[in-house]
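Numbers for residues simply follow the sequence, beginning at 1.
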Amino acid sequence: MKLDSLHALNVERAARRAAMLVTDLDDGSQRVVREAEIPADPLADILVRRLASGKSGLVEVEGRQFFLTVQVPAVRLVLIGAVHISQALCPMATAVDLSVSVIDPRTAFATPERFPEVPLLPLWPDEALAGPVPPLDRYCAVAALTHDPKIDDPALIAALRAECFYVGALGSRKTHAARVERLSQAGLSPEQIARIEAPIGLDIGAVSPAEIAVSILAQIVSALRGGGPRAVKGGVPA
């Protein structure tokens, strides 16, 4: 790999932006394609699919072979609420390589005993997201699970403004209608609010906390692989 290509990839990695190194195996030439540059690239369709899979590999285009080295930021899942659903969801999410953290100011719930080996922040979301938790971005998923607007709403507002690829919230349609009104009053646009998955999770008839956790994780994976941070406006997350 050429030094300038390595430097460009390191810059994108530090900024938590996806990028790809395209190597033409016929002539040895290389170029770095940043996520925002994908739509204009001659291999755009192939690059989009590779970015969605997160997998490097060999491709052939019109008789020429290219090796695509895919560099994608680690995907983070921030759970708002140290609830039973979160307890079930944490190990599942870790198993599919999501980096998980839990935020809940209610210290009776946010205990290491209930969440072993999980970064746990017994803080209000505003405090946690302003410092201890790395800044939210388009490679983050946020699930608000407390049913308490004082806790959930600030996290949802932060997630939508950060353009997180997945934003979900627990609650019935009636509960969500009231939430929409509050978020509108907080200055979010209808388009931003419409990005919230509510009621959260795929409709699989889930009843127990573990089943609801399965439905949430499936929805996150679907967003991630089907169009989350890989299918955005201008080239990647939209």
Side-chain angles (χ1 to χ4, degrees), residues 74-137 139-162 164-183 186 188 193 195-221 223-224:
V75 178
R76 295 166 44 211
L77 170 60
V78 179
L79 300 177
I80 309 301
V83 297
H84 291 308
I85 295 171
S86 299
Q87 284 182 286
L89 184 51
C90 283
M92 296 180 193
T94 300
V96 297
D97 296 326
L98 301 185
S99 176
V100 187
S101 57
V102 178
I103 298 171
D104 196 326
R106 303 170 301 181
T107 53
F109 295 96
T111 66
E113 293 75 22
R114 299 182 73 236
F115 291 89
E117 300 180 6
V118 175
L120 185 61
L121 295 102
L123 301 169
W124 290 91
D126 282 345
E127 298 175 83
L129 297 173
V133 174
L136 297 176
D137 58 33
Y139 285 86
C140 293
V142 174
L145 305 173
T146 73
H147 271 306
D148 185 339
K150 297 190 302 298
I151 302 173
D152 286 346
D153 286 5
L156 292 172
I157 291 169
L160 292 171
R161 287 178 174 164
C164 293
F165 80 90
Y166 175 88
V167 184
L170 197 64
S172 66
R173 286 177 173 79
K174 181 178 179 181
T175 297
H176 186 59
R179 179 186 294 126
V180 168
E181 180 61 29
R182 294 192 305 273
L183 297 183
L188 294 181
I193 297 170
R195 294 191 58 239
I196 300 173
E197 297 289 354
I200 198 170
L202 296 182
D203 185 6
I204 60 172
V207 176
S208 69
E211 290 174 347
I212 295 170
V214 168
S215 76
I216 294 170
L217 183 58
Q219 194 171 52
I220 291 171
V221 171
L224 178 65

Please tell me if the side chains of [X] and [Y] come closer than 4.5 Å, counting only heavy atoms from C-beta onward.
| X | Y | answer |
| --- | --- | --- |
| I196 | L183 | yes |
| V96 | I220 | no |
| F165 | V75 | yes |

Quick one: [atom1] on [X] to [atom2] on [Y], what's the gap to the nearest 0.5 Å?
| X | Y | atom1 | atom2 | answer |
| --- | --- | --- | --- | --- |
| I212 | S215 | CD1 | OG | 6.5 Å |
| I103 | E127 | CD1 | CD | 10.5 Å |
| I200 | I216 | CD1 | CD1 | 4.0 Å |
| L79 | L121 | CG | CG | 11.5 Å |

Which pair of non-hydrogen atoms, one from [X] and one from [Y], has the smallest distance, and what is that distance?
| X | Y | value |
| --- | --- | --- |
| P112 | L120 | N-CD2, 3.8 Å |
| V100 | C90 | CG1-SG, 3.9 Å |
| T107 | T111 | O-CG2, 3.3 Å |
| A155 | L129 | CA-CD1, 4.3 Å |
| G168 | L156 | O-CD2, 3.9 Å |
| I157 | A186 | CD1-CB, 3.8 Å |

Positive for side-chain contact (heavy atoms from CB on, under 4.5 Å) with V102, one of L145, L77, V118: V118
Sorted by first residue and then second, give each salt bridge (charged side-chain N to carboxylate O under 4.0 Å, His left out) pair with at least one member in residues 98-119; sequence neighbours left out. D104-R106
Determine yes or no for a side-chain-to-main-chain donor-acceptor pair under 3.5 angstrom, with R76 supplying the side chain and S101 the backbone. no
Please determine whether side chain to side chain contact (heavy atoms under 4.5 Å, CB included) holds for the pair V83 and L170, giving the CA-CA distance in whole Å, both sets of side-chain angles, and the decisive distance to 0.1 Å. CA-CA 11 Å; V83 297; L170 197 64; 5.9 Å; no
Distance-only donor-acceptor pairs under 3.5 Å for side chains of residues 201-211, two or more places apart:
from : atom 1 : to   : atom 2 : distance (Å)
S208 : OG     : E211 : N      : 3.1
E211 : OE1    : V207 : N      : 2.8
E211 : OE1    : S208 : N      : 3.3

Results of side-chain contact (heavy atoms from CB on, under 4.5 Å) for A213 - residues two or more places apart only: I85, A88, L89, M92
Verify whether one side chain among R179 and H176 offers a donor that lies under 3.5 Å from an acceptor in the other. yes
Polar contact flag, side-chain donor to acceptor under 3.5 angstrom, Q219-Y166: yes
